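Since this is a predicted model, take the numbers as computed values, not measurements. In what follows, every chain begins at residue 1, and chains take the letters A, B, ... in the order their sequences are listed.
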Amino acid sequence: MRASDAPADIGSDAHFRLAMASAGIGMAIVSRDGTWLNVNPALCRLLGYSREELTGRNIREVTHPDELARTAEWFAALLQGDVDSIDAEKRYRHRDGHTLWVHLNVGTMRGADGAPEYFICQLRDATAQHAAEAALRELNDTLERRVAERTAELEALNQQLELFAFGVSHDLRAPVRSIDSFSLLLEQRHAGQLDATGREYLQRIRTAVGGMGALIDGLLELARTNRAELKREPADFSLLADWVAAELQEAEPGRAAEISVQPGLRVVGDERMLKVLLGQLLQNAWKFSRGRERVEIEVGGRQDAAGLQLWVRDHGCGFDMAYAGRLFEPFQRLHGPEQGGGLGLGLAIARRIVERHGGQLGAESMPGVGSTFRITLPANAVPAA
Amino acid sequence: MTAAAILLVEDNPDDLELTRIALDDARLAHPLVVARDGVEALDYLFARGVHAGRDPRALPALVLLDLHLPRLDGDAVVAAIRAEPATRTLPVVALAGDPAAAVDGALAVDGYLPKPVECTRFEQVTAALGLAWQRRPPDAR
């Protein structure tokens, strides 16, 4: 707009009256005691009243009851000169009764002496914004509760699954026992009535049911490890290791083996579970040494400031460290049965036992050289001196 | 006079047959009485119900008790046996399908046998209880 096109009355009263009348947001001039002196159409539309209904009335009449105290404070502050303006969100009462959130801005119109004479108020509808903010606050507040609920749901589901797996494994015991026992009796007492092929088929049945039995035992052991109460008592880790070593040798008396166990390793924990742990680790070490002339395993430990470190080291076929992440997952197998690979539950059980004792189980290996399984236990697993 | 019976309380027909085979291998000359559940077992021991008319003084030499039974569970049977003066000292060996149950120690039984019952373990456990058996001569049926 060029200066020459400007209306002659820019800056005149008529101009400002037109401005106020045309404004899209509610505007009003309010007296020092809170009387609506002049209200624009936008304000009337916002509050739902006509110009005649508002003019001459006090702002208190359309202020929400809960805001009366605050409004009085603002007036006092403005009149005393503590503040020059107000910018806040305030609730009004619409003509039809509902609550209206409004963004209010109040400026002071001063007389020649500088004292407040009138207030110029601007009111903008903040209902939508306010609702959004309230919803966000509600969401945040309830977030913690909803997370807790979800976690509880998940835990309940997990427990159900565990119970189911436990129940199924338990109920499978009896029929597996039947197949195992009668196929064994066939083999031991009636093999003569079978031809070579029949005996071969019988052998396959025996092997398969052996695998089934081992899997069920593994599942039940895993479930027991998860559910049973952990006893905290001093336990002789070295003695347990010797015991397991003796059992392994007894199972294969012809196998040349040397298992050296560091004496004096003491741990605070559940003796039964610790024996199961050693059983899994030593059995693995034994199995993966299959290709070697001799089974060589070392069991050792070291105490330090953080707690206790225990290890089981073998010199067997080892595994590729690239697969180390899958090592402790149930049913993952890094070796086929020829290399001694079993059902893949053993390390999952071992890890669970270590975790229940507050520790961590890790492994390092070099293919063709051997593996070391390392148990780190916290200080509370170390017996007091 | 016939030797005292052995009472086997077992509901699983396969486990029953395997136990029968184990006792047969041991060539025991004692008759095997089978009860399919706890109620039948107590009926037999106290000569009532289906076994009314039996001489209650002729108690078995040993009770082999499966713990997981229909109608009346193993623990209830043991409790009933221990509650009566006539049967309080009756040797009871529990048959454990689950090896973990075998180390329980909470039941008032005299021993545990893992399933399937095998001749050697049977001999070990009963010998430890001081029980002596009459045997059939070899090859006699």
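- No more than 12 heavy atoms of other residues, nucleotides or ligands shown are found within 6.0 angstrom of CD on Gln360(A).
- Counting heavy atoms of neighbouring residues, nucleotides and ligands inside a 6.0 Å radius, atom CZ of Arg88(B) exceeds 12 of them.
- Taking a 6.0 Å sphere around CD of Gln159(A), one finds it holds 12 or fewer heavy atoms contributed by other residues, nucleotides or ligands.
- Interface with chain A: from residues 25-35 of chain B, residues Asp25(B) qualify, criterion being any non-hydrogen pair under 4.5 Å.
- Taking NE2 of His170(A) as the start and NE2 of His68(B) as the end, the distance is 8.0 Å to the nearest 0.5 Å.
- The environment of Arg36(B) atom CZ is sparse: at most 12 non-hydrogen atoms of other residues, nucleotides or ligands sit within 6.0 angstrom.
- Identified by a heavy-atom distance below 4.5 Å to chain A, the contributing residues of residues 5-22 of chain B are Asn12(B), Asp14(B), Asp15(B), Glu17(B), Leu18(B), Ile21(B), in residue-number order.
- Within the 4.5 angstrom heavy-atom criterion, no atom of Leu220(A) approaches chain B.
- At most 12 heavy atoms of other shown residues, nucleotides or ligands fall within 6.0 angstrom of atom CD in Glu271(A).
- Within a 6.0 Å radius of CD in Gln188(A), more than 12 heavy atoms belonging to other residues, nucleotides or ligands are found.
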